[in-house]
Amino acid sequence: MAENNGKRKAPASKKQKGGTSAAHDSVAEAMEVELPEWSRGERLSKFKNCQKELYLDKISKVPRNKLGVAERFTVISDFKYYGLVKCFQRLGWEAVLTYNNNNKSEVYTDEIVEWMSTLEKKDGKNPPFTTKLIGCVGNKKVALSFEAMDKIVKFDTGAVNPQREYEYSSAEKIYGKGDDWLTMLRELFQVDDIREDMKLYRKDLKPLPKLLTCILNWNVIPRAGDKEKIRNYEIRVLYALITGRPTISFKHLVLLNVWESREDYDRKRIPHIRLLTRVLMDAKAIPAGAKPYKMRQTPFCIDKTDVGDWDFRQGRSRCVLIDMKSGRREIFEKDDITEGSDKDDNEDEEEQEQGENAMYT
């Protein structure tokens with residue numbers, strides 16, 4: 001990209017799939033704009049006059065059909081005995097596991113890009129309850145807010161065991177390290193030497209946190225890139241899922257994720273692409289003739305969960321989750337035993353225990 005006295009031109013428009021919607025025109029309008037340097041660590045909102053152009057420049061090298069991270073539907077029955085579902089239930093997030101915009105594969109990435117490029121945050125009188133992320137598609141203003149999400153699905157049904165109010169912490173608190181960093185690492189990782197400055201790798205996670213990352217990077221803190229490394233900003237959310245603390249609101253997390261994906265120089269992928277598609281559709285902001293991209297609906301289930309990486313074993317009273325690569329395992333007691341016949345119930349307890357112990361070793 002050509003340099004001119006510390007500035008550069010925005011990239012020329014590339015014709016995207018879907019014709020000439022307003023989203024495409026917005027890129028074309030930016031072609032001749034001279035852009036200042038945007039460096040890592042700087043927030044996009046720092047730049048007053050060319051935020052739209054800088055955002056479009058940031059994402060310009062990512063193909064549009066790969067720009068969004070699409071939510072996946074979790075087959076609840078596959079994982080109900082292996083701790084994963086309970087993690088989401090304890091935060092009142094069970095709907096997060098299954099939301100996929102009614103199984104529709106179409107996403108309006110071009111229109112979402114236009115909306116993201118014009119995004120502003122308005123906190124209102126009582127943030128985050130009144131916080132709105134407002135952007136434009138053509139001349140139509142669309143707001144992402146708690147209210148808009150509540151009209152689609154109830155993501156936050158309340159933290160349980162025990163019941164607690166949601167905490168609405170800042171992005172710095174949720175994504176940052178904090179004084180409890182070492183405590184969180186000890187809860188999540190299983191390595192000999194746990195230190196505050198340790199490198200975070202997925203292979204070093206305990207089995208349940210590692211399994212959670214399979215859906216975390218699609219539905220909770222969506223991202224692409226190197227999935228073998230754990231990002232600092234994922235730690236507190238993983239810890240909350242495992243322990244129930246802090247009681248993070250998912251709707252609040254969505255607002256933070258979307259805003260950060262615009263503001264942060266390094267975050268180029270658009271999170272919650274199916275949810276954002278639905279928000280724009282509900283606002284009737286998709287122009288006539290706009291053509292969507294198709295992102296295949298791939299369910300998250302045992303049969304498609306990194307085949308060969310996991311072993312899921314189920315007994316009458318306990319289940320075992322085994323990380324085949326590390327050999328680590330976690331045992332889960334079944335809360336509700338509905339399987340088995342009267343004959344099973346009358347089996348010799350010692351024989352049953354011996355059989356199950358053989359399965360767990």
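We use all heavy atoms of the structure for the numbers below, so side chains are in, but hydrogens, waters and symmetry mates are not. Quick caveat: nothing in here was measured; it's all calculated off a predicted structure.
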**OP:** Kindly state whether the ring of Phe79 and the ring of Phe300 have centres lying under 6.0 angstrom apart.
**Re:** yes
Original post:
Can you find a side-chain donor-acceptor pair between Gln314 and Lys334 that sits under 3.5 Å?
Top reply: yes
Subject >> Ala143: partners by side-chain contact (heavy atoms from CB on, under 4.5 Å), with sequence neighbours left out >> reply: Lys132, Ile134
Subject >> Heavy atoms of other groups near Asn139 CG, more than 12 under 6.0 Å >> reply: no
Subject >> Backbone of Ile174 reached by a side-chain donor or acceptor of Ser169 within 3.5 Å >> reply: no
Original post:
Could you state the interatomic distance from CD1 (Ile152) to CE (Met149), rounded to the nearest 0.5 Å?
Top reply: 8.5 Å
**OP:** May I have the step-by-step check of side chain to side chain contact (heavy atoms under 4.5 Å, CB included) for Lys229 and Tyr201, ending in yes or no?
**Re:** CA-CA 4 Å; Lys229 292 181 179 178; Tyr201 293 106; 4.0 Å; yes
Original post:
So if you build clusters from Ile, Leu, Val, Met, Phe, Trp, Tyr with side-chain heavy-atom gaps below 4.5 Å, do Val153 and Val85 land together?
Top reply: yes
**OP:** Please step through side chain to side chain contact (heavy atoms under 4.5 Å, CB included) for the pair Leu216 and Leu241, ending with a clear verdict.
**Re:** CA-CA 10 Å; Leu216 184 88; Leu241 286 165; 4.1 Å; yes
Subject >> Within 45° cone and under 6.0 Å: Lys141 NZ/CZ vs Trp115 ring >> reply: no
Original post:
When you check the gap from the basic side-chain N to the acidic O, do Asp311 and Arg313 get nearer than 4.0 Å?
Top reply: yes
Original post:
Would Val62 and Val107 show up in the same hydrophobic cluster when neighbours are defined by side-chain heavy atoms closer than 4.5 Å?
Top reply: yes
Original post:
Side chain of Asp78, backbone of Cys301: donor and acceptor closer than 3.5 Å?
Top reply: no
Original post:
Any side-chain heavy-atom pair from Ile302 and Trp310 closer than 4.5 angstrom?
Top reply: no
**OP:** Starting at CG of Leu144, measure out to CE of Met116 and round the result to the nearest 0.5 Å.
**Re:** 10.0 Å
**OP:** Sequence neighbours left out, what pairs pass side chain to side chain donor-acceptor pair (under 3.5 Å) with at least one residue falling in residues 236-246?
**Re:** Asp180-Arg236
**OP:** Could you tell me whether the side chain of Lys177 and the main chain of Tyr233 form a donor-acceptor pair under 3.5 Å?
**Re:** no
Subject >> Side-chain (Gln51) to main-chain (Thr118) donor-acceptor, under 3.5 angstrom >> reply: no
Original post:
Val75 and Phe88: same hydrophobic cluster, using ILVMFWY side-chain contacts below 4.5 Å?
Top reply: no
Original post:
Any sub-3.5 Å donor-acceptor pair from Arg223's side-chain atoms to Asp226's backbone N or O?
Top reply: yes
Original post:
Do the two ring centres, one from Phe155 and one from Tyr99, sit under 6.0 Å apart?
Top reply: yes
**OP:** Check whether NZ of the Lys or CZ of the Arg Lys251 lies under 6.0 Å from the centre of the six-membered ring of Phe146 and within 45 degrees of that ring's axis.
**Re:** yes
Original post:
Hey, are Asp323 and Arg329 close enough for a salt bridge, meaning a charged N less than 4.0 Å from a carboxylate O?
Top reply: no
Original post:
About how many Å separate OG1 of Thr213 and CD1 of Ile221, when rounded to the nearest 0.5 Å?
Top reply: 11.5 Å
Subject >> Rounded distance [0.5 Å steps], CG in Asp123 versus OG1 in Thr131 >> reply: 4.0 Å
Original post:
Taking the six-membered ring of Tyr175, is the NZ or CZ of Arg267 close enough (under 6.0 Å from the centre) and on axis enough (within 45°)?
Top reply: yes
Subject >> Trace of the ring-ring contact (aromatic ring centres under 6.0 Å, His included) decision for Tyr82 with Phe312 >> reply: CA-CA 8 Å; Tyr82 297 98; Phe312 299 87; 5.1 Å; yes
**OP:** Establish, from distance only, whether the side-chain atoms of Gln297 and Asn100 form a donor-acceptor pair under 3.5 Å.
**Re:** yes
Original post:
Looking at Arg269, Glu71, His272, which hits side-chain contact (heavy atoms from CB on, under 4.5 Å) with Pro222?
Top reply: His272
Original post:
Do Tyr166 side-chain atoms and Gly158 backbone N/O form a donor-acceptor pair below 3.5 Å?
Top reply: yes
Original post:
Hey, does the Lys NZ or Arg CZ of Lys52 hover above the aromatic six-ring of Tyr55, less than 6.0 Å from the centre and inside 45° of the axis?
Top reply: no
Subject >> Salt bridge present between Asp110 and Arg64 (N-O < 4.0 angstrom) >> reply: yes
Original post:
For Asp264, does its backbone N or O pair with a side-chain atom of Lys58 as donor and acceptor, under 3.5 Å?
Top reply: yes
Subject >> Partners meeting side-chain contact (heavy atoms from CB on, under 4.5 Å) with Arg43 (sequence neighbours left out) >> reply: Ser45, Trp259, Glu260, Glu263
Original post:
Going through the distances and angles, do Cys87 and Leu212 end up as a side chain to side chain contact (heavy atoms under 4.5 Å, CB included)?
Top reply: CA-CA 9 Å; Cys87 288; Leu212 281 169; 4.0 Å; yes
Original post:
Do Asp197 and Arg195 sit within salt-bridge range, that is, some charged N less than 4.0 Å from a carboxylate O?
Top reply: yes
Original post:
In terms of heavy-atom contacts, does CD of Glu147 have more than 12 from other residues, nucleotides or ligands at under 6.0 Å?
Top reply: no
**OP:** Just do the side chain to side chain contact (heavy atoms under 4.5 Å, CB included) check on Tyr265 and Glu42 with the steps written out, would you?
**Re:** CA-CA 7 Å; Tyr265 176 84; Glu42 292 180 315; over 6 Å; no
Original post:
Under the 3.5 angstrom rule, does the side chain of Arg164 hit a backbone N or O of Gly244 as a donor-acceptor pair?
Top reply: yes
Subject >> Cluster companions of Trp218 among Ile, Leu, Val, Met, Phe, Trp, Tyr (side-chain spacing under 4.5 Å) >> reply: Val69
Subject >> Donor-acceptor contact below 3.5 Å, side chain Thr157 vs main chain Gly92 >> reply: yes
**OP:** Among Lys199, Lys203, Arg202, find the residue that satisfies the side-chain contact (heavy atoms from CB on, under 4.5 Å) test when tested with Ile230.
**Re:** Arg202
**OP:** List for me each residue that meets side chain to side chain donor-acceptor pair (under 3.5 Å) alongside Glu187, sequence neighbours excluded, and say none if there are none.
**Re:** none
**OP:** Report the distance from atom CG of Leu255 to atom OG of Ser145, rounding to the nearest 0.5 Å.
**Re:** 7.5 Å
Original post:
Do the side chains of Phe250 and Phe73 join up, straight or via other hydrophobic residues, at under 4.5 Å, putting them in one cluster?
Top reply: no
Subject >> Pairwise distance CG(Leu185) to CG(Asp204) - rounded to 0.5 angstrom >> reply: 11.0 Å
Original post:
Under the side-chain contact (heavy atoms from CB on, under 4.5 Å) test, which residues partner Leu182, sequence neighbours left out?
Top reply: Arg186, Ile194, Glu196
**OP:** Using modelled atom types only, decide if a donor and an acceptor are shared between the side chain of Asp309 and the backbone of Lys325 within a distance under 3.5 Å.
**Re:** no
Original post:
Pick from Glu234, Lys227, Arg72: which one makes a side chain to side chain donor-acceptor pair (under 3.5 Å) with Asn217?
Top reply: Glu234
Subject >> Within one Ile-Leu-Val-Met-Phe-Trp-Tyr cluster: Met198 and Met184, side-chain cutoff 4.5 Å >> reply: yes
**OP:** Run through Asn101, Asn65, Ile273 and flag the one making a side-chain contact (heavy atoms from CB on, under 4.5 Å) with Met295.
**Re:** Ile273
